[in-house]
Undergrad: 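Supplied in structure tokens, the structure appears directly below.
Nothing fancy with the numbering, it's 1 onward along the sequence. Because the structure is predicted, anything quoted here is derived from the model rather than measured.
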Amino acid sequence: MTVSLLLTCCTKEGETIYKPNPEEEQPATTPLVTVIYGPNGLGDRSYNDLVYKGVEAAAQKYGVRTLQLSPESNEQGFAYLETIFQQMESATDTVRRLFISPSPLFEEYIRKNNRRLEKNPYADLVQSVRPV
């Protein structure tokens, strides 16, 4: 049997204020680096694999979280992009977020949508295209 305890208190106006349960997992405040590669862009020992290794090495050295996504299709990649833009533009916390896209496939979409991040001073975008 699991018992949960919710701590509450009231203001003098009678409004209820909920306090988080210290036993529950708290939201992370560590900076987050998100990378979206082109479809099946990882595992062929190319530029993308070097980006992956570099991001993971930097994360370990500087203590940041990473989310590295390699979509299976163009459609899935664009869905990932839209989700990332929605999350970053609507975030109300102060978590630093860096979004990186090393795929030329997404370049036009990112250029059309990068202004969506202007409202979030904690969000940054790097569009890097692989060397020719």
Undergrad: My understanding is that only residues two or more places apart in sequence, or in another chain, count here; which of them pass side chain to side chain donor-acceptor pair (under 3.5 Å) with T66?
TA: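 Listed in chain order: E56.
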
Undergrad: Could you check whether any side-chain heavy atom of L42 comes within less than 4.5 Å of a side-chain heavy atom of D49, counting everything from C-beta outward?
TA: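 Result yes, sub-4.5 Å side-chain heavy-atom pair found.
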
Undergrad: What residues form a side-chain contact (heavy atoms from CB on, under 4.5 Å) with S46, not counting sequence neighbours?
TA: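 S46 satisfies side-chain contact (heavy atoms from CB on, under 4.5 Å) with D44, N48 once adjacent residues are dropped.
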
Undergrad: Could you pull out all residues at least two apart from N113 that satisfy side-chain contact (heavy atoms from CB on, under 4.5 Å)?
TA: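 Counting only residues at least two positions away or on another chain, N113 forms a side-chain contact (heavy atoms from CB on, under 4.5 Å) with F85, Y109, R116.
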
Undergrad: For atom CD of E118, is the number of surrounding heavy atoms from other residues, nucleotides or ligands below 6.0 Å larger than 12?
TA: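 Enclosed: over 12 neighbouring heavy atoms sit under 6.0 Å from CD of E118.
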
Undergrad: Report yes if the side chains of K112 and I110 come closer than 4.5 Å at any heavy-atom pair, otherwise no.
TA: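 The answer is no; the side chains never approach within 4.5 Å.
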
Undergrad: Using the ring pair (Phe, Tyr, Trp, His ring centres under 6.0 Å) rule, collect all pairs that involve residues 54-75, keeping only residues at least two apart or in two chains.
TA: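 Ring pair (Phe, Tyr, Trp, His ring centres under 6.0 Å) check on residues 54-75 returns no pairs.
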
Undergrad: So which atom in G41 and which in S70 form the shortest heavy-atom distance, rounded to 0.1 Å?
TA: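 Heavy-atom minimum between the residues: N-OG, 3.3 Å.
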
Undergrad: With respect to F106, which candidate in F78, Y80, F99 satisfies the ring-ring contact (aromatic ring centres under 6.0 Å, His included) definition?
TA: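 Only match with F106 under ring-ring contact (aromatic ring centres under 6.0 Å, His included): F78.
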
Undergrad: Would you call Q60 and V55 a side-chain contact if the rule is heavy atoms closer than 4.5 Å?
TA: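 The answer is no; the side chains never approach within 4.5 Å.
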
Undergrad: Taking the side chain as every heavy atom from C-beta outward, state whether S101 and L125 have any atom pair closer than 4.5 Å.
TA: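 No, too far: nothing below the 4.5 Å cut-off.
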
Undergrad: State, yes or no, whether a side-chain contact exists between L105 and N74 at a heavy-atom distance under 4.5 Å.
TA: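 SC-SC contact between L105 and N74 confirmed.
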
Undergrad: Roughly how far, to the nearest 0.5 Å, is the CD1 atom of I36 from the CD atom of Q76?
TA: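 Interatomic distance, Q76 CD to I36 CD1, rounded to 0.5 Å: 10.0 Å.
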
Undergrad: Please list, chain by chain and in numerical order, all residues satisfying salt bridge (charged side-chain N to carboxylate O under 4.0 Å, His left out) with R45, sequence neighbours excluded.
TA: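 If we apply the salt bridge (charged side-chain N to carboxylate O under 4.0 Å, His left out) test to R45, skipping adjacent residues, there are no hits.
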
Undergrad: Would a 4.5 Å heavy-atom cut-off, applied to side chains only, mark R96 and L32 as touching?
TA: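 No, side chains not in contact.
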
Undergrad: On a heavy-atom basis, which atom in T30 and which in G63 lie closest, and how many Å separate them?
TA: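 Result for this residue pair: CG2-O, 3.0 Å.
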
Undergrad: Can you tell me how far CG of N120 sits from CD of E89, rounded to the nearest 0.5 angstrom?
TA: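 Here the rounded value is 9.5 Å.
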
Undergrad: Can you list everything that forms a side-chain contact (heavy atoms from CB on, under 4.5 Å) with S90? Sequence neighbours excluded, please.
TA: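 Residues passing side-chain contact (heavy atoms from CB on, under 4.5 Å) with S90: none at all.
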
